[in-house]
Amino acid sequence: MGPTARAQFVYNRRRRRSGGRHAVEEASDEEEQRQDSSSSSEDEEDEAEASGEEVADDDDDEEEEEEEEAAVEPAAEEDPAAAAAGEKRGGRKGRITISLKKVCKVCKRTGHEAGFKGAVYIDCPMKPCFLCKMPGHTTLTCPHRVAMEHGVIPAPRRNTNTSLDYVFQSQIKGKISMVKPKFLIPNQLESGNIKFHQRRVTCLEFHPTNNNVLLSGDKKGLLGVWDYVKLHEKITYDSVHSCILNSMKIDNANDGILYTASSDGTISCTDLDTGIGSPLLNLNPNGWNGPSSWRMIYGMDLNTDKGLILVADNFGFLYFLDRRSKTRIGHPILIHKKGSKVTTLHCSPARPEVLLSSGNDHYARIWDTRKLEANSPLASLAHGRVVNSGYFSPQSGNKILTTCQDNRIRVWDYIFGDLQSPSREIVHSHDFNRHLTPFKAEWDPKDYTETVAVVGRYISENYNGVALHPIDFIDTSSGKLLAEVMDPDITTISPVNKLHPRDDILATGSSRSIFIWKPKTEDELTEERTKQKAKEYVYGSGSQKKTNGKHDNSSDDDSDGDSGRKNKKAKKTRFTCTTKGKGKSKV
DNA sequence: ACCTCATGTCCCC
DNA sequence: TGGGGACCCTGAGG
């Protein structure tokens, strides 16, 4: 590639990135603004730009500079007026430099650009770190990303060696198996279901008894029932709800019945075989009267002991439903700030009368449902932002795991201990984005030690030139990343994840698609270990300790240019679900 | 290879 | 305290 060709390439690339917007700046050699910081008072932006570049171009200063020079020539060609002006001046001064300013699409300032460079996202230096939200560094240099593996860093453990800890230990010791079962990460893509749903998947649930059945809900309210072993056996019911399906629960006592909660303000109970449903609750009996009065249901859980369904709306109220009589019990109780959304409800698996709610008012709260009144929580757990979810640990119910929009996963080790502050805060990228289903870190229901949690990751990582958003397995007792699960075929973000209650299977909802993951077979693992050994032998030990062999984070291959993000050379999809067994509708 | 839009929360006025 | 504009890694459909 000759210099002119390269210049043109750089120019085109830049135009593409900045969406056609560009600023042409004229400057003579003497006035090179890079050098001249003292006389730049005429332009505030220049100052910001200079300081911005210092941060942003940390790693590839030279390259940027080269591009700047290279971009001069085509810029003059492209804009005749600028070129003419340049010539005029140039004639006078002898030589002229026209530099094409970079325009940042994030802050609209010039001098730097945010966006993907290959598979690596370059931050806007004017914004705080996208991962930990602290100013002074970018996501690429965030200590939470660099210091430990991929944005997961533990906060120091509190409440250690207290008497409560002792009680906790002795209390759960009888319940947990002494031999920790071998933990297998389902990191091998078993099957992908393309275009099963028409809109993004919002919730997933495994059938509690029928091992191979996965239930899924989407933004349109479509309910999917899918046997992922007999792939053709899939059914969709489109008239259960009219908009976002937020939560699904199956009663263990009657596992043919599915309860669903939706933003259409209804709770529905659907027969899984026939798809015939009946509404249990409708919070909008008078229909649409504008957004200020429309009630939506996000949080829902079952109290199987009492045959109750607990439901919470987007105005902060909790409702009780009797499962059998299908009637409301009592009056709604305000459990979160009035007018704020309750995001999840969870009844403790060990003590079903203990309820955990999380809400948009930046709190998660623990309640005793036997004596429930507004403003009477057993505890209020403060968070930095909106709490996406809060769950009791799956076995003892003694731990709490919350996901908050301040990019932190919080863990409380013992609910009867000091709840003032979490036992741990784990910085993890799961930002809010209006286009994504909120991320929810969930416990592995099979893990008797109650440590493993799964959560999708927002920011991407460069995996051999492809930007992928993995699904993280986190050890909540240390904050360490146990595994990151990804596949080159899945380039979309995966906010919805569900672990199978008994098998080592992970279901993922990513955009419109559903994926099933299984652990690698023993043969595959052996092969991988062999490769890993060979790699270590070649490169020396120490740096190669990733759980997933596919991944080489140090790779900074920009040869793909802009298209690096899209996986153009992705290997063939292992399985693509055809339109066979098209969905049927409710009668 | 563009453009448009859906749309929840934050933050500032 | 409330309304309105802004918004960083979206993704489907046109």
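To find a chain, count down the sequence lines: A is the first, B the second, and so on, and within it residues start at 1. Heavy-atom basis, side chains included; hydrogens, waters and symmetry copies ignored.
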Chemist: Indicate whether the side chain of Thr266(A) and that of His241(A) have a donor and an acceptor atom separated by less than 3.5 Å.
Modeler: yes

Chemist: Distance check needed: dG8(B) P versus Gln405(A) CD, whole Å only.
Modeler: 12 Å

Chemist: If you check the His435(A) side chain, which of dA6(B), dT9(B), dC9(C) turns out closest?
Modeler: dA6(B)

Chemist: Go through the side-chain N and O atoms of Thr344(A) and Ser389(A) and say whether any donor and acceptor fall under 3.5 Å apart.
Modeler: no

Chemist: Output yes when at least one side-chain N/O atom of Asn360(A) is less than 4.0 Å from OP1 or OP2 of dT9(B), else no.
Modeler: yes

Chemist: Strictly below 4.0 Å, N to O, side chains only: are Lys480(A) and Asp475(A) in salt-bridge contact?
Modeler: no

Chemist: Given that Tyr458(A) and Gln198(A) both sit by DNA chain C, which one's nearest nucleotide is further toward the 5' end?
Modeler: Tyr458(A)

Chemist: Starting the side chain at C-beta, find the nucleotide from dA12(C), dC10(B), dC9(C) nearest to Arg199(A).
Modeler: dA12(C)

Chemist: Would you say the rings of His336(A) and Trp367(A) are close, in the sense that their centroids are separated by under 6.0 Å?
Modeler: no

Chemist: Considering only dC8(C), dG13(C), dT9(B), which nucleotide approaches the side chain of Arg512(A) most closely?
Modeler: dG13(C)

Chemist: Between dC8(C), dA6(B), dG8(B), spot the one nearest the side chain of Phe432(A), thanks.
Modeler: dG8(B)

Chemist: Looking at the side chain of Val386(A), which of dC7(C), dG11(C), dT9(B) is the nearest nucleotide?
Modeler: dT9(B)

Chemist: Just checking Pro128(A): base, sugar-phosphate only, or nothing, at a heavy-atom cut-off of under 4.0 Å?
Modeler: base

Chemist: Among the nucleotides dC8(C), dT10(C), dA12(C), which one has an atom lying closest to any side-chain atom of Ser511(A)?
Modeler: dA12(C)

Chemist: If I take atom CZ in residue Arg200(A) and atom C1' in nucleotide dG11(C), what distance separates them, rounded to the nearest angstrom?
Modeler: 10 Å

Chemist: Quick one: is Arg434(A) getting a side-chain N or O under 4.0 Å of the dG11(C) phosphate, OP1 or OP2?
Modeler: no

Chemist: Nearest of dG11(C), dC10(B), dG8(B) to any side-chain atom of Lys341(A)?
Modeler: dG8(B)

Chemist: From dC8(C), dT7(B), dT10(C), pick the nucleotide closest to the side chain of Ile493(A)?
Modeler: dT10(C)

Chemist: Has Asn433(A) got a side-chain N or O lying under 4.0 Å from the OP1 or OP2 atom of dC9(C)?
Modeler: yes

Chemist: Side chain of Tyr121(A): nearest nucleotide among dG11(C), dC10(B), dC9(C)?
Modeler: dC9(C)

Chemist: Hey, is Glu205(A) close enough to Lys498(A) for a salt bridge, meaning N to O under 4.0 Å?
Modeler: yes

